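Heads up, the thing below is written out as structure tokens.
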Protein chains: 2
Amino acid sequence: MSDGDSGRKRILDSAAFILRTKGFGAARLSEIAQGAGMLAPSIYHHFKSKDEVVEEVMLSGIYRNTRHIVAKVEVLGPETAPVDRLRAAIVAHVEFLLSGDDYSSAVARSFGDLPSEMKQRVLAAYATFDSYWRDLLVAASPSGNDAQTTVARKFLIAMLDSCPSWYRAGRLGPTQIANQAADLFLGGFAP
Amino acid sequence: MSDGDSGRKRILDSAAFILRTKGFGAARLSEIAQGAGMLAPSIYHHFKSKDEVVEEVMLSGIYRNTRHIVAKVEVLGPETAPVDRLRAAIVAHVEFLLSGDDYSSAVARSFGDLPSEMKQRVLAAYATFDSYWRDLLVAASPSGNDAQTTVARKFLIAMLDSCPSWYRAGRLGPTQIANQAADLFLGGFAP
DNA sequence: GTCTATAATCAGATAGAC
DNA sequence: GTCTATCTGATTATAGAC
């Protein structure tokens, strides 16, 4: 069964765009509906509540993003150095965010603002994403210090997730920003 | 005239705490009032609107934070290397955020969610903060590339501002996190 | 300076026609 | 599957007593 242009998908696409651009706190159901080419009450034919729409956008975003990163890393041969695997993940994450995937950007922007019950549920999916990064960082860590790689992971993801909020198409393209992020995190600003 | 425990200050303190912990979208006037030991309508004796409270928290946060960082950097002698000035700023910023200054954390958490008209006004104050970082980074940049230091600044501030959202008092104290942030940004994760 | 009572507004959700 | 009309609840804001 094709999902091509169904109402459901139009709603999710619109919600992802709104969540990416305005954030959770400012996302209005009427605006989501407008972006999907319908009026607010029509959404309830497809979803039980506004929160259900938001939650599905979050889960999709995490899933799509994780799949994209894993694919870009695992295509590298088994002989690839851990640092190069980490580099590939950084580049893949930033490129995905900046190449217009509203779902992953919605997660980057709005995850922290979700109501706590929803956040708990979404966290289960987020754990997969998080632990993949943890493994990449541990493998590439020169020190091997556990607490340090945990802090480094928090810093890294916050840094990468910020891209959609300040990036504007211009002289530097997504790939250049992505490579600079990798250079900066791995090599430092003033080595 | 002492501002010690005036209603005005209690409201601002409470609002800063709420904005730091729940974000702009979830900040309720009734909860701000409760934290200040009064009921919601009493706030209007001190402020014209909820937005006015929020805006004053933002301006205070930016001002306090900038002043703190500048003080910690400018206490260094004029012979201090640019990299060490940048390092001092990074450490100062993280320590300030993690040592419980609700105002600076409120800015870090909620600035991106402000309604656009307010954001424009607050941006004027934020520009002072931003340009101080720009100067520090340009001075310490080995490459001197303008576009690159701009991107590096965005990444740096996003990374540092994320601290309050994930830091929990434990084995690592604020100073250790702050130093690790500086080591990571300046030296890189896998040099 | 803070309260109670209430107005005004808005957003999410439901009912039922088409 | 989408609409119009309406309900319900929450939230900001105002009026006026104390």
Side-chain angles (χ1 to χ4, degrees), chain A residues 1-58 106 109-110 113-119 121-122, chain B residues 1-58 106 109-110 113-119 121-122:
Chain A
M1 155 195 158
S2 160
D3 208 22
D5 214 16
S6 75
R8 211 184 153 76
K9 181 169 189 304
R10 270 156 45 218
I11 292 164
L12 290 170
D13 285 351
S14 173
F17 177 77
I18 303 282
L19 288 168
R20 184 199 91 181
T21 50
K22 307 204 165 181
F24 179 81
R28 300 281 162 258
L29 199 58
S30 57
E31 205 175 348
I32 292 172
Q34 190 180 16
M38 59 182 73
L39 292 170
S42 304
I43 288 182
Y44 292 90
H45 181 75
H46 305 274
F47 296 91
K48 283 208 310 270
S49 68
K50 177 190 167 184
D51 276 9
E52 198 182 79
V53 177
V54 173
E55 188 164 335
E56 194 156 323
V57 169
M58 292 293 125
R109 164 91 197 247
S110 297
D113 292 330
L114 300 180
S116 55
E117 331 79 52
M118 195 196 300
K119 204 168 179 175
R121 288 191 298 272
V122 176
Chain B
M1 153 197 162
S2 161
D3 207 20
D5 213 20
S6 76
R8 211 184 153 76
K9 181 168 189 305
R10 271 156 46 218
I11 293 164
L12 290 169
D13 284 351
S14 173
F17 176 78
I18 303 282
L19 288 168
R20 182 199 93 182
T21 51
K22 307 204 165 180
F24 178 81
R28 298 283 159 258
L29 198 59
S30 57
E31 204 174 350
I32 291 171
Q34 190 180 15
M38 59 182 72
L39 292 171
S42 303
I43 288 181
Y44 292 90
H45 181 74
H46 305 274
F47 296 91
K48 285 207 311 269
S49 67
K50 176 189 168 184
D51 276 10
E52 197 182 80
V53 177
V54 172
E55 187 163 334
E56 195 157 322
V57 169
M58 293 292 125
R109 164 89 196 248
S110 297
D113 292 330
L114 300 180
S116 56
E117 329 80 52
M118 195 196 301
K119 203 169 181 175
R121 288 191 299 271
V122 176

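Within every chain, numbering begins at 1; the chains are lettered A, B, ... in the order of the sequence lines, protein sequences first and strands thereafter. Note that the coordinates shown come from a computational prediction; the quantities given were computed from them, not determined experimentally.
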Practice item. State, yes or no, whether a side-chain contact exists between M58(B) and L19(B) at a heavy-atom distance under 4.5 Å. Key: yes
Review point. Going by heavy atoms closer than 4.0 Å, what residues in residues 31-52 of chain B are next to DNA chain D?
Key: P41(B), Y44(B), S49(B), K50(B)
Check your understanding: So, S110(B) side chain and G23(B) main chain: donor-acceptor pair closer than 3.5 Å or not?
Key -> no
**Study point:** Touch class at under 4.0 angstrom, heavy-atom based, for A27(B) against every strand present
**Key:** sugar-phosphate
Practice item. Please list, in 5' to 3' order, the outermost nucleotides of DNA chain C lying under 4.0 Å from any heavy atom of chain B. Key: dG1(C) to dA5(C)
Exercise for review: Taking K50(A) for its side chain and I43(A) for its backbone only, find out whether a donor-acceptor pair lies under 3.5 Å.
Suggested key: no
Point to revise | Backbone of E52(A) reached by a side-chain donor or acceptor of S49(A) within 3.5 Å | key: yes
Point to revise | Side-chain heavy atoms of V53(A) within contact of H46(A), under 4.5 Å | key: no
Practice item. Kindly compute the distance separating CG (L29(B)) from CG (L39(B)), expressed to the nearest 0.5 Å. Key: 10.5 Å
Practice item. May I have the distance from L29(A) (atom CG) to dA10(D) (atom P), rounded to whole angstrom? Key: 18 Å
Exercise for review: Output yes when a side-chain donor or acceptor of R20(B) lies under 3.5 Å from a complementary backbone atom of R109(B), and no otherwise.
Suggested key: no
Check your understanding: Tell me, do M38(B) and H45(B) make a side-chain contact under 4.5 Å, heavy atoms counted?
Key -> no
Review point. Taking atom CZ of F47(A) as the centre, does the number of heavy atoms from other residues, nucleotides or ligands within less than 6.0 Å exceed 12?
Key: yes
Revision key, fill the gap. Applying the Watson-Crick and G-U criteria (both distances under 3.5 angstrom) with [ ] for crossing and | for other-strand pairs, one obtains for DNA chain D ||||||||||||||||||
Check your understanding: Honestly, is K22(A) close enough over F24(B), meaning NZ or CZ under 6.0 Å from the six-membered ring centre and within 45° of the axis?
Key -> no
